[in-house]
S.K.: 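Pasting a structure below so you can have a look.
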Amino acid sequence: MTIEECYQRMEGNYDEVSRRLPSLRLIEKFVGKFLDDKSFEELCIQMENGNRAEAFRAAHTLKGVCANLSFTKLMNSASQLTEELRPEADEIPAAAADLMAAVRRDYEMTVDAIRSYLN
(Lines give C-alpha, C1' and ligand atoms only; values in the text may rest on other atoms or scores of the structure.)
Protein backbone atom coordinates (compact mmCIF):
# COMPACT_ATOMS: atom_id res chain seq x y z
CA MET A 1 0.00 0.00 0.00
CA THR A 2 1.26 3.48 -0.82
CA ILE A 3 0.68 6.53 1.36
CA GLU A 4 -1.75 7.80 -1.28
CA GLU A 5 -3.73 4.55 -1.01
CA CYS A 6 -3.69 4.90 2.78
CA TYR A 7 -5.25 8.35 2.43
CA GLN A 8 -7.85 7.00 0.01
CA ARG A 9 -8.74 4.21 2.41
CA MET A 10 -9.25 6.65 5.31
CA GLU A 11 -11.04 9.14 3.03
CA GLY A 12 -8.37 11.76 3.59
CA ASN A 13 -6.83 14.25 1.20
CA TYR A 14 -3.27 13.33 0.24
CA ASP A 15 -2.87 16.24 -2.21
CA GLU A 16 -3.69 18.70 0.57
CA VAL A 17 -1.30 17.18 3.11
CA SER A 18 1.48 16.97 0.51
CA ARG A 19 1.17 20.74 -0.03
CA ARG A 20 1.34 21.31 3.73
CA LEU A 21 4.16 18.88 4.46
CA PRO A 22 6.75 19.11 1.69
CA SER A 23 8.25 15.61 1.83
CA LEU A 24 7.02 12.04 1.95
CA ARG A 25 9.26 11.44 4.97
CA LEU A 26 7.50 14.19 6.97
CA ILE A 27 4.06 12.93 5.98
CA GLU A 28 4.96 9.39 7.02
CA LYS A 29 6.45 10.64 10.29
CA PHE A 30 3.36 12.59 11.34
CA VAL A 31 0.88 10.01 10.08
CA GLY A 32 2.69 7.43 12.22
CA LYS A 33 2.70 9.75 15.24
CA PHE A 34 -1.09 10.00 15.00
CA LEU A 35 -1.26 6.50 16.50
CA ASP A 36 0.29 7.93 19.68
CA ASP A 37 -2.09 10.90 19.90
CA LYS A 38 -4.25 10.67 23.03
CA SER A 39 -7.05 13.07 22.08
CA PHE A 40 -9.44 10.32 20.93
CA GLU A 41 -8.82 8.32 24.11
CA GLU A 42 -9.41 11.45 26.19
CA LEU A 43 -12.59 12.18 24.24
CA CYS A 44 -13.93 8.69 24.98
CA ILE A 45 -13.16 9.04 28.70
CA GLN A 46 -14.74 12.47 28.99
CA MET A 47 -17.84 11.48 27.02
CA GLU A 48 -18.25 8.44 29.26
CA ASN A 49 -17.82 10.61 32.36
CA GLY A 50 -20.31 13.16 31.06
CA ASN A 51 -17.80 16.01 31.23
CA ARG A 52 -18.91 18.31 28.41
CA ALA A 53 -16.15 20.91 28.75
CA GLU A 54 -13.33 18.35 28.67
CA ALA A 55 -15.04 16.33 25.92
CA PHE A 56 -15.29 19.54 23.88
CA ARG A 57 -11.58 20.21 24.42
CA ALA A 58 -10.61 16.68 23.34
CA ALA A 59 -12.91 16.74 20.29
CA HIS A 60 -11.49 20.13 19.29
CA THR A 61 -7.94 18.84 19.64
CA LEU A 62 -8.73 15.74 17.57
CA LYS A 63 -10.32 17.92 14.89
CA GLY A 64 -7.21 20.12 14.74
CA VAL A 65 -4.80 17.21 14.46
CA CYS A 66 -6.92 15.72 11.68
CA ALA A 67 -7.10 19.06 9.88
CA ASN A 68 -3.30 19.37 9.94
CA LEU A 69 -2.90 15.85 8.54
CA SER A 70 -5.82 16.16 6.07
CA PHE A 71 -7.67 13.21 7.59
CA THR A 72 -10.82 14.66 6.05
CA LYS A 73 -13.50 12.15 7.06
CA LEU A 74 -12.39 11.98 10.70
CA MET A 75 -11.90 15.74 10.81
CA ASN A 76 -15.46 16.29 9.60
CA SER A 77 -17.06 13.98 12.16
CA ALA A 78 -14.87 15.39 14.96
CA SER A 79 -15.86 18.89 13.85
CA GLN A 80 -19.57 18.06 14.05
CA LEU A 81 -19.11 16.66 17.54
CA THR A 82 -17.05 19.69 18.56
CA GLU A 83 -19.84 22.02 17.51
CA GLU A 84 -22.46 19.96 19.35
CA LEU A 85 -20.34 20.16 22.52
CA ARG A 86 -19.38 23.83 22.13
CA PRO A 87 -22.35 25.51 23.89
CA GLU A 88 -21.77 25.72 27.61
CA ALA A 89 -24.08 23.36 29.43
CA ASP A 90 -24.06 21.21 32.53
CA GLU A 91 -24.45 18.00 30.52
CA ILE A 92 -23.44 16.50 27.25
CA PRO A 93 -26.26 17.04 24.72
CA ALA A 94 -28.22 13.92 23.76
CA ALA A 95 -27.35 14.39 20.06
CA ALA A 96 -23.65 14.01 20.91
CA ALA A 97 -24.01 10.23 21.33
CA ASP A 98 -24.74 9.64 17.64
CA LEU A 99 -21.99 12.04 16.63
CA MET A 100 -19.56 10.24 18.94
CA ALA A 101 -20.46 6.94 17.25
CA ALA A 102 -19.51 8.49 13.89
CA VAL A 103 -16.23 9.78 15.31
CA ARG A 104 -15.43 6.34 16.72
CA ARG A 105 -16.20 4.67 13.37
CA ASP A 106 -14.09 7.19 11.43
CA TYR A 107 -11.26 6.99 13.97
CA GLU A 108 -11.13 3.20 13.67
CA MET A 109 -11.14 3.42 9.86
CA THR A 110 -8.29 5.95 9.98
CA VAL A 111 -6.19 3.94 12.43
CA ASP A 112 -6.77 0.72 10.47
CA ALA A 113 -5.59 2.43 7.27
CA ILE A 114 -2.48 3.79 8.99
CA ARG A 115 -1.59 0.44 10.55
CA SER A 116 -2.05 -1.31 7.21
CA TYR A 117 0.24 1.23 5.57
CA LEU A 118 2.92 0.96 8.25
CA ASN A 119 2.88 -2.84 8.18
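The first residue of the sequence shown is numbered 1, and numbering continues consecutively from there.
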S.K.: For the NZ atom of Lys73 and the CD atom of Glu11, what is their distance to the nearest 0.5 Å?
M.R.: 4.5 Å
S.K.: Taking all non-hydrogen atoms of both residues, which atom of Gly32 and which atom of Leu118 are closest, and how far apart?
M.R.: CA-CD1, 4.1 Å
S.K.: Which atoms form the tightest heavy-atom contact between Ala55 and Ile92, and what is the distance?
M.R.: CB-CD1, 4.4 Å
S.K.: Which heavy atom in Ala113 sits nearest to a heavy atom in Cys6, and how many Å separate them?
M.R.: O-SG, 3.5 Å
S.K.: Provide the closest heavy-atom pair for Asp15 versus Ser18 in the form atom of the first, atom of the second, distance.
M.R.: O-OG, 2.9 Å
S.K.: Under 4.0 Å between a side-chain nitrogen and a carboxylate oxygen: does that hold for Glu83 and Arg86?
M.R.: yes
S.K.: Do Val103 and Leu62 touch side chain to side chain, with heavy atoms closer than 4.5 Å?
M.R.: yes
S.K.: Quick one: does Glu5's side chain have a donor or acceptor within less than 3.5 Å of a partner on Thr2's backbone?
M.R.: yes
S.K.: Show me the pairs that pass ring-ring contact (aromatic ring centres under 6.0 Å, His included) and involve residues 92-119, at least two apart or across chains.
M.R.: Phe34-Tyr107, Phe40-Tyr107
S.K.: Working to the nearest 0.5 Å, report the span between SG of Cys44 and CG of Asn49.
M.R.: 11.0 Å
S.K.: Considering non-hydrogen atoms only, spot the tightest contact between Ala96 and Leu85 and give its length.
M.R.: CB-CD2, 4.1 Å
S.K.: Return the CZ to CD distance between Arg52 and Glu84, rounded to the nearest 0.5 Å.
M.R.: 11.0 Å
S.K.: Of the non-hydrogen atoms in Ala59 and Ala78, which two are nearest, and what is the gap between them?
M.R.: O-CB, 4.2 Å
S.K.: Look up atom OG in Ser79 and atom NE2 in His60, then write down how far apart they are to the nearest 0.5 Å.
M.R.: 8.5 Å
S.K.: I'd like to know if Leu81 and Met75 are part of one continuous hydrophobic network [Ile/Leu/Val/Met/Phe/Trp/Tyr, side-chain heavy atoms within less than 4.5 Å].
M.R.: no
S.K.: List the steps and the verdict of side-chain contact (heavy atoms from CB on, under 4.5 Å) for Gln46 and Arg57.
M.R.: CA-CA 10 Å; Gln46 298 307 328; Arg57 196 168 287 115; over 6 Å; no
S.K.: Does the side chain of Phe30 come within less than 4.5 Å of Asp37's, by heavy atoms?
M.R.: no
S.K.: Say you draw a straight line from CE of Met109 to CD1 of Ile114; how long is it, rounded to the nearest 0.5 Å?
M.R.: 10.5 Å
S.K.: Tell me if the CD atom of Glu48 is crowded by more than 12 foreign heavy atoms within 6.0 Å.
M.R.: no
S.K.: Please enumerate all residues that pass side chain to side chain donor-acceptor pair (under 3.5 Å) together with Gln80, with sequence neighbours excluded.
M.R.: none
S.K.: Would a hydrophobic clustering, with Ile, Leu, Val, Met, Phe, Trp and Tyr connected at side-chain separations under 4.5 Å, put Ile45 with Phe56?
M.R.: no
S.K.: Roughly how far, to the nearest 0.5 Å, is CG of Asn68 from CD of Glu16?
M.R.: 10.0 Å
S.K.: Applying side-chain contact (heavy atoms from CB on, under 4.5 Å), run through Phe71 and Val31 and close with a yes or a no.
M.R.: CA-CA 9 Å; Phe71 293 171; Val31 166; 4.1 Å; yes
S.K.: Hey, does Leu99 have a side-chain heavy atom less than 4.5 Å from the side chain of Ser77?
M.R.: no
S.K.: Applying the 4.5 Å side-chain criterion to the ILVMFWY set and letting contacts propagate, would Val111 and Met47 be lumped into a single cluster?
M.R.: yes
